[in-house]
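Reviewing the structure listed below.
Because the structure is a prediction, the values reported are computed rather than measured. Note: hydrogens, waters and symmetry copies are ignored here, and every other heavy atom, side chains too, is used.
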There are 2 protein chains.
Amino acid sequence: MKEKELYKNNLDGCPLTFALNIIGGKWRLPIIWALSKNGRMRYNQLKRGINGITSMMLTQTLKDLEDCNIINRQQFMEIPPRVEYSLTESGENLVPALKQLARWGDDVRNNIDNIGEDNGRDELQS
Amino acid sequence: MKEKELYKNNLDGCPLTFALNIIGGKWRLPIIWALSKNGRMRYNQLKRGINGITSMMLTQTLKDLEDCNIINRQQFMEIPPRVEYSLTESGENLVPALKQLARWGDDVRNNIDNIGEDNGRDELQS
DNA sequence: TCCAATACTCAGTTTTTCCTTACTTAGTCA
DNA sequence: TGACTAAGTAAGGAAAAACTGAGTATTGGA
């Protein structure tokens, strides 16, 4: 194979890099996952549901995901305030891709844990 | 829906988190991608093929991926030295999942571009 | 009157990740 | 002789990501 015919990596414009930039933060996947499981959720509901997240990280990550068009934010003008979050269509479309990745992760981990021995499967939704 | 029935996030043991930890470094995907396109590659071939990577980052990332059982490292006892890298079976299995994610990334990006008509430019696009 | 609940926001700090520059060993080419 | 190739290592610093702990406004209930 000649050097010139090699695939050359081009980071800008790669849709995979783009996708990973969207889901790549520490708390983004947990939020997306929780919303895909539970549907519409309020701020403090998310906070209670996601183990270890702080107010600040939740606020920031929700805003990031909203900017990426992955989640919707609906604010009700009430006292006490109420804000509900849910996945957008893009967000929903992401879920199958994540499931495939999760399936792969599961397989790999089983291979590492007991090499050569297949001991059933763990459920994807932990 | 009762609070107790909500899905609760458990980061340890989540196969998705596990998968993202494997592919989540800056240079991991470029290396995996290049190997999946070109098959077996030597160190400097990878270095030339991946735009902007330094020796150190390449060495480190290759070692990380080897530890994760994503790539094989085969060393030939020759002068000058020769080392060839290739995807393991786990590495090959990862590729379809990455492709699905990439497809999603592509769709989302196109959607953003189209929405841009009524909203001017946002800084999401590369 | 004081506390709880809601959905945040801010300043400052720590932790993690990534990068830069130089150096290695041993043989080959001019 | 000196430059070049191969496949890396080492030390230290910069940049990015994440965290800590506090404060905001409002109102109903004890």
Side-chain angles (χ1 to χ4, degrees), chain A residues 1 3 6 9 11-12 17-18 20-32 34-35 38 40-68 71-86, chain B residues 2-3 6 9 11-12 17-18 20-32 34-35 38 40-68 71-86 123 126:
Chain A
M1 187 184 265
E3 190 79 9
L6 276 174
N9 162 270
L11 292 166
D12 317 324
T17 301
F18 178 83
L20 276 190
N21 281 343
I22 288 181
I23 64 173
K26 179 170 184 184
W27 300 108
R28 295 193 181 186
L29 240 19
I31 290 175
I32 293 168
L35 286 175
N38 300 315
R40 306 178 68 77
M41 292 178 81
R42 299 179 63 174
Y43 182 92
N44 277 356
Q45 218 177 3
L46 278 164
K47 193 173 171 194
R48 283 190 295 272
I50 294 171
N51 210 352
I53 197 170
T54 60
S55 288
M56 191 196 201
M57 294 318 294
L58 180 55
T59 302
Q60 196 181 93
T61 309
L62 285 171
K63 189 169 291 179
D64 291 345
L65 289 173
E66 201 195 346
D67 289 345
C68 295
I71 64 174
N72 289 311
R73 178 182 189 278
Q74 189 178 5
Q75 183 168 8
F76 299 86
M77 288 313 193
E78 302 174 358
I79 297 293
R82 177 156 68 105
V83 182
E84 290 186 349
Y85 295 92
S86 56
Chain B
K2 284 188 216 142
E3 190 80 6
L6 275 176
N9 162 266
L11 291 168
D12 318 325
T17 302
F18 177 83
L20 276 191
N21 281 343
I22 288 181
I23 64 173
K26 179 169 184 184
W27 300 108
R28 295 194 181 187
L29 239 22
I31 289 174
I32 292 168
L35 286 174
N38 300 314
R40 307 177 68 77
M41 291 177 82
R42 300 179 62 173
Y43 182 91
N44 276 355
Q45 216 176 3
L46 278 164
K47 196 173 168 193
R48 283 190 294 272
I50 293 170
N51 209 354
I53 198 170
T54 61
S55 285
M56 192 192 202
M57 294 318 294
L58 180 55
T59 301
Q60 199 182 89
T61 309
L62 286 170
K63 191 170 288 178
D64 292 344
L65 289 174
E66 200 194 347
D67 290 345
C68 295
I71 63 174
N72 290 311
R73 177 180 189 279
Q74 190 179 6
Q75 183 167 7
F76 299 87
M77 287 313 189
E78 301 174 358
I79 297 292
R82 177 155 68 103
V83 182
E84 288 186 351
Y85 295 91
S86 56
E123 58 256 65
S126 59

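Taking atom CD of A:Glu84 as the reference point, atom P of C:dC8 lies 12 Å away to the nearest angstrom. Rounded to whole Å, atom C1' of C:dA11 lies 14 Å from atom CD of A:Gln60. Between A:Glu66 atom CD and C:dC8 atom C1' the separation is 13 Å, expressed in whole Å. Rounded to whole Å, atom P of D:dA6 lies 13 Å from atom CZ of B:Arg82. D:dG23 atom P lies 16 Å from atom CE of A:Met56, rounded to whole Å. Between the CD atom of B:Gln45 and the C1' atom of D:dT5 there is a distance of 15 Å, given to the nearest Å. Between the CH2 atom of B:Trp27 and the C1' atom of C:dT17 there is a distance of 13 Å, given to the nearest Å. Residue A:Gln74 contributes atom CD, which lies 13 Å from atom P of C:dC8 at whole-angstrom precision.
With D:dC19, C:dC8, C:dC19 as the choices, the nucleotide that has an atom nearest any side-chain atom of B:Met57 turns out to be C:dC19. With distances taken from any side-chain atom of A:Arg73 to the nucleotides C:dA7, C:dT6, C:dT20, the minimum falls on C:dA7. Ranking D:dA6, C:dT6, C:dT9 by closeness to the A:Thr59 side chain, first place goes to C:dT9.
Proximity of A:Arg42 to the phosphate of C:dA7: a side-chain N or O atom is located under 4.0 Å from OP1 or OP2. Contact annotation: B:Lys26 side-chain N/O to D:dA16 OP1/OP2 distance is not under 4.0 Å. Close to D:dT9, at under 4.0 Å from its OP1 or OP2, lies a side-chain N or O of B:Lys63. In this structure, B:Arg48 does not reach the D:dA7 phosphate: none of its side-chain N or O atoms is under 4.0 Å from OP1 or OP2. In this model, the phosphate group of D:dT9 is not approached by any side-chain N or O of B:Tyr43 to a distance below 4.0 Å at OP1 or OP2.
A:Ile71 CD1 to A:Ile32 CD1: the interatomic distance, rounded to the nearest 0.5 Å, is 8.0 Å. The line from CG of B:Asp67 to CD1 of B:Ile22 is 11.0 Å long, rounded to the nearest 0.5 Å.
Between the side chain of A:Arg28 and the main chain of A:Asn21, a donor-acceptor pair closer than 3.5 Å is present.
Heavy-atom nearest nucleotides on DNA chain C were determined for A:Val83 and for B:Gly24, and the one closer to the 5' end corresponds to A:Val83.
When A:Arg40, A:Gln74, A:Gln75 are each tested for a side chain to side chain donor-acceptor pair (under 3.5 Å) with A:Glu84, only one passes: A:Arg40.
The shortest side-chain heavy-atom distance between B:Leu35 and B:Asn38 does not fall under the 4.5 Å cut-off.
B:Phe76 comes within 4.0 angstrom of no nucleic acid atom, judged by non-hydrogen atoms across all strands.
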